[in-house]
Every structure is written in C-alpha cells, then in structure tokens.
Amino acid sequence: RYIQGTCPVCGYEFARGDQCENCATLLEPSQLINPKCKIDGSTPIFRDSENLFLELGKVEGALQTWIKSKEAWRRQVTSLALSWIDEGLRKRSITRDLKWGVPVPLKGYENKIFYVWFDAPIGYISSTKEWAQRSGDPEAWRTYWLDPSTTIYNFLGKDNIPFHTIFWPGMLMAHGDFNLPTDVVGLQYCNYEGDKISKSRNWGIFCEKVVESGLAPDIWRYYLTYLIPETKDTEFKWDEFENRVNNELVANIGNFVHRTLTFTSNFLSGIVEPVALGEEDVALKAKVLAEVDEADRALREVRIRDAMKNILQVATIGNEYFQRSQPWVLIKQDPARCRQVIYSCVSICRILAVLLDPY
C-alpha cells in the first residue's frame with residue numbers, strides 16, 4: 001500500500017500495490033505500471049524476500065459450491081467472486097516486510113507481520129471472544145460463531161468483496177467448525193462531485209467536517225441512506241443533498257408529522273382516543289400496511305434504499321389523506337369525523353417513527 005501506480009487492468013492512475021480500488025483487481029506491486037513510493041515519490045527497488053502463502057487452491061471447489069448456493073446474494077458480489085475462481089485461485093502472500101502490524105509467531109519470521117486482510121477478519125472472532133469475556137459469559141461467543149442457526153452479515157465496499165467471499169471463507173473452511181457469512185453485502189462506491197473520494201487528495205466530506213457543519217445527524221443520515229451504492233456507484237452532490245432533504249425529509253415526512261401533531265395539540269388538547277374507523281379509514285390503513293410489509297421485506301433482504309422509498313410513500317399517503325379530509329373544517333362541522341381522521345393520522349405518525357428508527 002506504500003506503492004502507487006497505474007493499474008494494468010483498467011488504467012486507473014492511483015492503484016495501490018495490493019489492489020486497484022477502481023476495478024477491485026488484486027495486485028502485486030510488481031504489476032503496477034510506473035510504480036512510485038507514496039511517501040517520497042521515488043521508484044521502488046524490488047528484492048527477493050521469503051514469505052508465507054495461503055494455499056487458496058485447496059478450497060477452490062468448496063468455495064465455488066458455497067458461492068453458487070447463495071441465490072439471494074447481489075449479482076456483483078457473486079460475479080466478482082466466481083470470476084476469481086474461474087481464473088484459478090493462486091497462492092496469496094499473507095506476510096509483509098513492515099514494522100507496524102501483527103507479528104508472525106513463527107521461528108524465522110519474527111521480523112515480518114501479517115498482511116492486514118489475513119489477520120483482520122480473524123479479529124471478527126477474537127473481538128467477539130473479548131466481548132464475551134467482558135460481559136461475564138466467556139462462552140457466549142460460541143453462539144455467534146459455532147451455532148449453525150446464527151446468521152452473519154458482512155457489509156463492505158466492492159474492493160473488499162474478494163476478501164469476504166474468497167480469503168476469509170476459505171480460511172474458515174480450511175479450519176472447520178466456524179460459521180460462514182450468510183450474506184456478503186458488497187456495496188459499490190460512493191463518489192463526490194464528479195470524482196472518487198480521496199482522503200490523501202482531500203476530496204470528499206470526512207467525519208470531522210460533518211460534525212463541524214452544524215447540521216443535525218438525521219439530515220446526513222437521510223441523504224446518505226439515499227446514496228447507499230447498493231447496486232451501482234452513487235455520487236454525493238451538494239445541490240441534490242439540499243433538494244432531497246428539503247423536498248422529501250422536510251416537505252413530506254416532516255410536514256406530515258408536524259401538521260398532524262400541531263393540529264392535535266391546538267384543537268384536541270394533545271389527546272387522541274381510539275375510535276371506530278370509517279370505510280375510508282379502513283382502506284387507508286390497508287394501503288399503509290401494504291407499504292409497511294414492503295419496507296419490512298426490503299430490510300430483511302438488505303435493500304435499505306428501497307425500504308426508505310416505502311417509508312416515504314407512507315408519508316405521502318398520510319399527507320394526501322390529511323389534505324383530502326380537511327380536519328380544520330371537520331373540527332367545526334363534524335368533530336366526531338375529525339377525531340377519526342386525526343386518530344388515523346397519528347397512527348401513521350407512530351408507524352413512521354417505528355419504520356424510521358433503524359435509520
């Protein structure tokens with residue numbers, strides 16, 4: 001990763017010495033075109049060094065069978081994983097000649113460290129063990145990693161798909177006993193105003209700046225939910241950020257909740273009693289619950305953006321019902337009907353609160 005150059009596969013000029021983050025191809029530093037040191041810009045000198053390798057070819061068949069059995073996985077995840085296998089799994093170096101990292105506990109390799117994507121996933125298990133120790137039930141970790149009924153979801157960017165569909169599962173298969181991932185939710189890239197986000201080039205929005213902006217966390221959460229690159233790359237745009245927050249979060253969801261609760265406070269002393277629903281209200285309830293079912297299904301299938309679309313539709317249905325029913329007229333002409341309408345609207349507000357809670 002200290003070496004940068006042009007990717008020999010896609011031509012991306014900022015590929016790292018272990019992987020191109022543009023096309024997700026795993027590389028060796030010697031494969032880069034015009035490689036340079038990221039620290040001082042010098043040309044690296046290649047020397048022989050003895051390293052340890054992972055014999056991925058020994059679990060190639062088992063990996064292929066396992067990946068093909070995952071019909072619910074996203075196409076880009078399955079395609080990328082199987083393309084690796086189709087090329088034939090080669091030995092992969094798991095040690096590095098660096099000072100910082102996890103040292104190799106083998107005689108003769110004391111001066112080497114493990115490659116990060118060899119030791120990092122092992123931390124998924126060891127961190128669970130550490131949590132179990134601290135919780136007072138040292139054996140609790142076994143439920144997560146040894147109980148076959150447990151479901152495990154890996155959320156990651158597409159450049160990490162090979163590590164979570166090939167490397168890590170291959171290690172687990174070779175060891176035996178441990179649960180494999182139920183779903184590898186490989187996301188595409190979120191870019192920024194026409195280019196890739198880059199910390200080194202200071203291009204993008206970073207956590208500390210989000211805090212300094214003074215904008216409420218829920219505003220960021222809403223737009224970032226829309227931006228989740230579930231099936232294709234997305235792009236953060238300031239104009240779109242403003243428009244979606246104002247026209248959807250505020251003008252749709254916020255507007256419905258505000259007008260409903262303000263009316264309840266001003267005209268009904270903030271109290272809504274359960275009432276018998278009219279025919280229109282029953283139809284409204286069925287329409288709303290149909291969207292709830294769709295949102296539930298989408299979340300279970302890890303389609304987070306789609307679920308938010310259903311939530312927006314619930315608010316749209318509520319706004320249309322409120323406007324059509326005109327409770328500000330009913331409160332004077334038909335107070336009983338007004339209470340039916342507001343009861344339905346408050347019920348929708350509660351449903352929105354439950355649906356939005358994970359977000």
Side-chain angles (χ1 to χ4, degrees), residues 1-44 73-81 83-84 96 115-117 120-121 154-168 184-213 215 217 219-245 302-305 308:
R1 290 183 177 225
Y2 287 106
I3 301 173
Q4 182 174 283
T6 300
C7 175
V9 177
C10 71
Y12 181 59
E13 294 181 359
F14 304 102
R16 300 192 310 256
D18 64 340
Q19 183 179 28
C20 174
E21 60 181 18
N22 184 58
C23 67
T25 299
L26 294 189
L27 301 167
E28 295 293 343
S30 58
Q31 294 176 275
L32 291 176
I33 300 169
N34 193 28
K36 297 292 181 183
C37 172
K38 292 180 69 173
I39 297 173
D40 62 9
S42 62
T43 301
W73 282 16
R74 291 176 182 169
R75 186 182 305 169
Q76 70 261 22
V77 175
T78 304
S79 298
L80 185 57
S83 69
W84 264 68
R96 294 289 186 269
Y115 173 49
V116 64
W117 280 115
N154 293 169
F155 289 87
L156 42 107
K158 64 182 176 184
D159 52 335
N160 286 338
I161 289 174
F163 301 110
H164 291 80
T165 57
I166 302 292
F167 282 27
W168 177 230
V184 178
V185 187
L187 302 172
Q188 304 297 299
Y189 289 137
C190 179
N191 300 314
Y192 176 77
E193 293 286 3
D195 200 358
K196 292 190 175 298
I197 294 174
S198 172
K199 188 80 172 180
S200 61
R201 292 186 289 128
N202 197 31
W203 186 255
I205 303 174
F206 305 102
C207 295
E208 62 274 15
K209 297 298 181 184
V210 168
V211 175
E212 293 171 7
S213 73
L215 295 174
I219 291 175
W220 291 101
R221 289 174 182 141
Y222 179 76
Y223 184 54
L224 293 174
T225 295
Y226 169 76
L227 281 185
I228 293 173
E230 293 182 320
T231 55
K232 62 181 180 180
D233 288 357
T234 58
E235 187 172 350
F236 186 104
K237 297 179 180 179
W238 281 106
D239 288 345
E240 184 181 63
F241 177 38
E242 179 183 356
N243 290 333
R244 287 198 172 274
V245 168
V302 204
R303 292 184 288 112
I304 298 170
R305 290 178 67 181
M308 180 58 83

J.: With sequence neighbours left out, write down each residue that passes salt bridge (Lys or Arg N to Asp or Glu O under 4.0 Å) with Lys232, or none if nothing qualifies.
T.: none

J.: Heavy atoms only: give me the nearest Pro29-Pro35 pair and the separation to one decimal.
T.: O-CB, 4.5 Å

J.: Between the side chain of Gln4 and the main-chain N/O of Leu32, is any donor-acceptor distance below 3.5 Å?
T.: no

J.: May I ask you to check whether Thr43 and Lys36 show a side-chain donor-acceptor distance below 3.5 Å?
T.: yes

J.: Using the ring-ring contact (aromatic ring centres under 6.0 Å, His included) criterion, which residues pair with Phe163? Sequence neighbours excluded.
T.: Trp117, Phe167

J.: Report yes if some heavy atom in the side chain of Val184 is under 4.5 Å from a heavy atom in the side chain of Trp168; otherwise report no.
T.: no

J.: Name all residues meeting the salt bridge (Lys or Arg N to Asp or Glu O under 4.0 Å) criterion together with Glu240; count only those two or more places apart in sequence or in a different chain, and write none if there are none.
T.: Arg244

J.: Mind checking what makes side chain to side chain contact (heavy atoms under 4.5 Å, CB included) contact with Glu212, not counting sequence neighbours?
T.: Lys209

J.: Taking the side chain as everything from C-beta on, heavy atoms only, tell me whether Thr165 gets closer than 4.5 Å to Trp84.
T.: no

J.: With heavy-atom distances below 4.5 Å as the criterion, would you say the side chains of Asp195 and Arg201 are in contact?
T.: yes

J.: Could you tell me which residues satisfy side chain to side chain contact (heavy atoms under 4.5 Å, CB included) with Thr6, sequence neighbours excluded, listed by chain and number?
T.: Glu13, Ile33

J.: Which value, rounded to the nearest 0.5 Å, describes the distance between Phe155 atom CZ and Ile304 atom CD1?
T.: 5.5 Å

J.: Rounded to the nearest 0.5 Å, what separates atom OG in Ser198 from atom CG in Asn191?
T.: 11.5 Å

J.: Taking only residues two or more places apart in sequence or in another chain, which ones pass salt bridge (Lys or Arg N to Asp or Glu O under 4.0 Å) with Asp159?
T.: none

J.: Between Val77 and Gly186, what is the shortest heavy-atom contact and its length?
T.: CG2-N, 3.5 Å

J.: Taking it one step at a time, do Thr234 and Arg305 satisfy side chain to side chain contact (heavy atoms under 4.5 Å, CB included)?
T.: CA-CA 12 Å; Thr234 58; Arg305 290 178 67 181; 3.8 Å; yes

J.: Enter the distance from Met308:CE to Thr225:OG1 here, rounded to the nearest 0.5 Å.
T.: 4.5 Å

J.: Could I get the full list of ring-ring contact (aromatic ring centres under 6.0 Å, His included) partners for Tyr223, not counting sequence neighbours?
T.: Phe236, Phe241

J.: If you apply the rule side chain to side chain contact (heavy atoms under 4.5 Å, CB included), what do you find for Trp238 with Glu193, and how did you get there?
T.: CA-CA 8 Å; Trp238 281 106; Glu193 293 286 3; 3.5 Å; yes

J.: Look only at the side chain of Ser79 and the backbone of Gln76, and say whether a donor-acceptor pair between them is shorter than 3.5 Å.
T.: no

J.: Measure across Leu27 and Ala15 and return the closest heavy-atom pair with its distance rounded to 0.1 Å.
T.: CD1-CB, 4.3 Å

J.: Which atoms form the tightest heavy-atom contact between Arg16 and Arg1, and what is the distance?
T.: NH2-NH2, 3.4 Å

J.: Grab the two heavy atoms, one from Leu187 and one from Glu230, that are nearest each other, plus how far apart they are.
T.: CD2-CA, 3.8 Å

J.: Evaluate whether atom NZ of Lys237 has more than 12 neighbouring non-hydrogen atoms of other residues, nucleotides or ligands under 6.0 angstrom away.
T.: no

J.: In chain order, what residues pass the side chain to side chain contact (heavy atoms under 4.5 Å, CB included) check against Phe206, with sequence neighbours excluded?
T.: Ile197, Lys199, Asn202, Glu208

J.: Which pairs pass side chain to side chain donor-acceptor pair (under 3.5 Å) with one or both residues in residues 24-34, sequence neighbours excluded?
T.: none

J.: Quick one: ring-ring contact (aromatic ring centres under 6.0 Å, His included) partners of Phe14, sequence neighbours excluded?
T.: Tyr12

J.: Looking at residues at least two apart in the chain, or sitting in another chain, which of them share a salt bridge (Lys or Arg N to Asp or Glu O under 4.0 Å) with Lys158?
T.: Asp233

J.: Rounded to the nearest 0.5 Å, what separation is found between the CZ atom of Arg303 and the CD1 atom of Ile228?
T.: 13.0 Å

J.: Can you list everything that forms a side chain to side chain donor-acceptor pair (under 3.5 Å) with Tyr2? Sequence neighbours excluded, please.
T.: none

J.: Between Tyr192 and Trp203, which heavy-atom pair has the shortest distance, and what is it?
T.: O-NE1, 2.8 Å

